[in-house]
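These notes concern the structure reproduced below.
Residue numbers start from 1 in every chain, and the chains themselves are labelled A, B, ... in the order their sequence lines are given, proteins ahead of strands.
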Amino acid sequence: MRYIDEFRDPRLARKLVANIQARSTRPVRFMEFCGGHTHAIFRHGLRQMLPPTVELRSGPGCPVCVTANTDLDRAIALAKLPGVILATFGDMLKVPGSHGSLQTARAEGADVRVVYSALDALQIARDHPERAVIFLGVGFETTAPTVAAAILEAEAEGLDNFYVLSLHKLTPPATRAILDAGEVRLSGIIGPGHVTTVIGSRAWEFLPQDYSVPCAVAGFEPLDILRAVAALVEMAEDGRPAVVNAYSRSVRPEGNRVALEIMQRVFEVSEADWRGLGRVPASGLALRPKYVRFDAALAFPVDPGPTREHKGCRCGDVLRGTVEPPECPLFRRVCTPARPVGPCMVSAEGACAAWYRYGGADV
Amino acid sequence: MCLAIPALITSVEGTTARAEIGGVERTISLALTPEARVGDYVLIHTGFAIGVVDEEEAQETLRLLEELAKFYPDEVEVSQFPNLPISQSPNLPVSQSTNEVH
């Protein structure tokens with residue numbers, strides 16, 4: 001078992017679709033929180049397989065996309081400081097801030113490096129003791145423990161030139177914010193499988209308890225996603241919302257305790273700015289006082305100047321699930337992966353990028 | 001960003017391991033999954049194993065799907081998972097072949 005092909009079996013997928021069709025009697029709309037799900041759904045053509053009663057809607061689960069312009073502008077200003085090396089994941093480079101991107105800053109001479117892991121940034125710091133190395137930490141609960149582990153390693157080694165700009169965000173508060181806003185009617189949530197591998201399926205119990213909304217945590221192969229949809233249809237039809245773990249080979253009710261402990265040792269919950277959702281209380285992660293010397297925002301105070309939003313860009317609405325990408329006036333006409341206006345077109349997890357790539361010629 | 005790929009651990013040394021992903025070996029950190037052993041599949045995210053894949057649970061899931069399959073002897077027609085063009089409408093028209101249960 002290699003845990004990929006087994007969960008792409010077309011025969012079992014057909015049975016799941018038959019089950020969904022047989023059970024679904026009234027229109028439902030499910031939000032897939034995670035941008036990884038959005039891309040898997042498009043790549044495998046799952047939308048076309050579902051009956052017309054079942055609609056899937058993309059959510060805010062793209063860390064690059066939800067990074068607010070104020071934070072992005074700060075990162076760009078940090079990258080431009082003399083002597084600084086700014087390291088981050090590749091997706092962040094092309095995201096346009098108020099006045100340019102990390103990529104344009106690099107073209108103008110800033111030392112911006114793409115890394116695969118926070119540990120790569122740590123290695124850059126070891127290799128360049130005379131430079132300040134700032135890791136731009138973006139990502140949800142899946143990524144935050146890895147950055148926390150890198151900080152603990154830097155502390156253990158006594159590395160004094162390694163810093164983190166923490167833009168990490170938490171997924172349950174964002175889901176709450178969308179449901180509280182009530183702009184889009186949702187009959188269920190497809191829970192993010194890898195976030196939930198860390199935080200545990202119990203973290204989603206508030207959905208049925210507080211909102212009467214069912215949640216099915218899903219993996220990223222076609223059978224995983226269809227199984228979650230089947231579970232959501234069943235719960236919606238029966239009016240019995242609960243949390244179903246449809247990714248039990250990876251997700252445990254309590255999550256990954258070691259990863260959670262490391263994340264909580266280094267970070268504390270803070271408010272955070274989200275593109276589309278604005279400032280959401282208790283939805284971000286800031287360094288705890290004990291690790292404050294790693295905080296790039298405190299070590300290097302910069303004034304990024306006034307922020308500016310991109311005219312006409314509806315990324316924020318796409319992230320809240322109130323519109324779909326083709327409803328944006330810029331989509332495909334002005335905003336393309338080669339010349340993106342908003343981050344949802346940049347990121348490999350962005351909804352606009354998925355629609356652009358797989359949406360077909362008629363979009 | 002939350003992409004994670006199953007990989008087979010081939011050797012462990014302290015908190016790092018070598019893992020095989022699609023025929024390629026790479027070094028990963030086990031800082032978040034100290035319980036991982038040689039022969040385990042782990043989910044790799046940005047150079048870290050974030051969870052150990054539970055084979056029994058995977059087998060159980062496939063067994064449950066086979067059970068479900070018995071209830072639907074007549075299949076809807078879905079050849080495979082192609083990169084099909086998708087229309088613009090949020091309520092997508094489903095092609096006849098996938099929409100009918102015989």
Side-chain angles (χ1 to χ4, degrees), chain A residues 1-4 6 8 10 12-19 21-22 34 36 42-45 47-52 55 62-64 89 91 116-119 138-140 142-143 145-146 149 192 194-195 197-198 222-223 248-250 256 258-259 262 324 326 349 358-363, chain B residues 1-6 8 15 22 28-29 31-35 41 43 45-48 50-62 64-66 68-95 98-101:
Chain A
M1 170 116 45
R2 298 184 71 83
Y3 305 100
I4 295 175
E6 298 88 348
R8 291 184 181 179
L12 289 176
R14 287 193 289 271
K15 307 292 188 183
L16 273 167
V17 171
N19 171 257
Q21 285 174 342
C34 178
F42 274 83
R43 185 151 50 90
H44 297 295
R47 280 192 172 209
Q48 296 109 309
M49 293 170 70
L50 295 172
E55 184 193 337
C62 164
V64 172
F89 300 122
D91 264 7
Y116 161 72
S117 165
L119 295 178
V138 290
F140 298 127
T142 324
T143 317
T146 72
H194 292 144
V195 161
T197 297
V198 172
L223 293 188
S248 58
R249 67 183 180 278
S250 175
N256 178 339
V258 175
I262 287 175
E324 299 223 83
E349 289 173 310
Y358 302 111
D362 55 339
V363 174
Chain B
M1 191 74 64
C2 290
L3 183 73
I5 299 163
L8 176 67
T15 58
I28 58 161
S29 169
L32 307 177
T33 56
E35 74 276 23
Y41 270 86
L43 286 169
H45 171 72
T46 68
F48 286 80
I50 58 160
V52 179
V53 181
D54 186 327
E55 184 177 352
E56 276 179 32
E57 284 289 342
Q59 299 284 12
E60 177 67 6
T61 298
L62 293 172
L64 288 172
L65 290 177
E66 290 291 354
L68 176 93
K70 290 180 191 161
F71 287 93
Y72 300 95
D74 297 318
E75 297 182 345
V76 287
E77 192 182 309
V78 180
S79 59
Q80 50 191 326
F81 301 108
N83 294 338
L84 296 170
I86 295 169
S87 90
Q88 185 170 353
S89 160
N91 278 320
L92 294 163
V94 177
S95 72
T98 59
N99 201 15
E100 284 173 9
V101 183

Between [X] and chain A, with a heavy-atom cut-off of 4.5 Å, which part of the residue counts as in contact: side chain, backbone, both or neither?
X     : result
B:I50 : both
B:E35 : neither
B:E60 : neither
B:L65 : both
B:E56 : neither

### Query
Under a 4.5 Å heavy-atom cutoff, which of B:L64, B:D54, B:I5 has the most pairs with chain A?
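Winner by heavy-atom pair count: B:D54.
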### When B:G51, B:S29, B:P34, B:A4 are compared by non-hydrogen pairs under 4.5 Å with chain A, the top option
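The answer is B:A4.
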### Task
Quick one: pull up CZ in A:R249 and CD in B:Q59 and give me the separation to the nearest 0.5 Å.
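Answer rounded to 0.5 Å: 11.0 Å.
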### Query
Non-hydrogen atoms of chain B under 4.5 Å away: do they reach the side chain of A:N256, the backbone, both or neither?
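Contact with chain B involves the side chain of A:N256 alone.
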### Per-residue contact mode, A:L16 against chain B (heavy atom under 4.5 angstrom)
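Interface part for A:L16: both.
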To check you understand the geometry: which heavy-atom pair defines the closest contact between [X] and [Y], and what is its length?
X      : Y      : answer
A:E349 : A:D91  : N-OD2, 4.4 Å
A:A149 : A:I262 : N-CG2, 3.8 Å
A:V258 : B:A31  : CG1-O, 3.6 Å
A:F140 : A:C62  : CE1-N, 3.8 Å

#### Entry: B:T46 versus A:S117, side-chain donor and acceptor atoms under 3.5 Å
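Side chains of A:S117 and B:T46: no pair found under 3.5 Å.
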### Query
Does a donor on one side chain and an acceptor on the other come within less than 3.5 Å for A:T146 and B:H45?
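Short answer, no.
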### Message
Only pairs of heavy atoms separated by less than 4.5 Å count here; which of A:L12, A:T197, A:V198 has the most with chain B?
### Response
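The candidate making the most pairs under 4.5 Å is A:L12.
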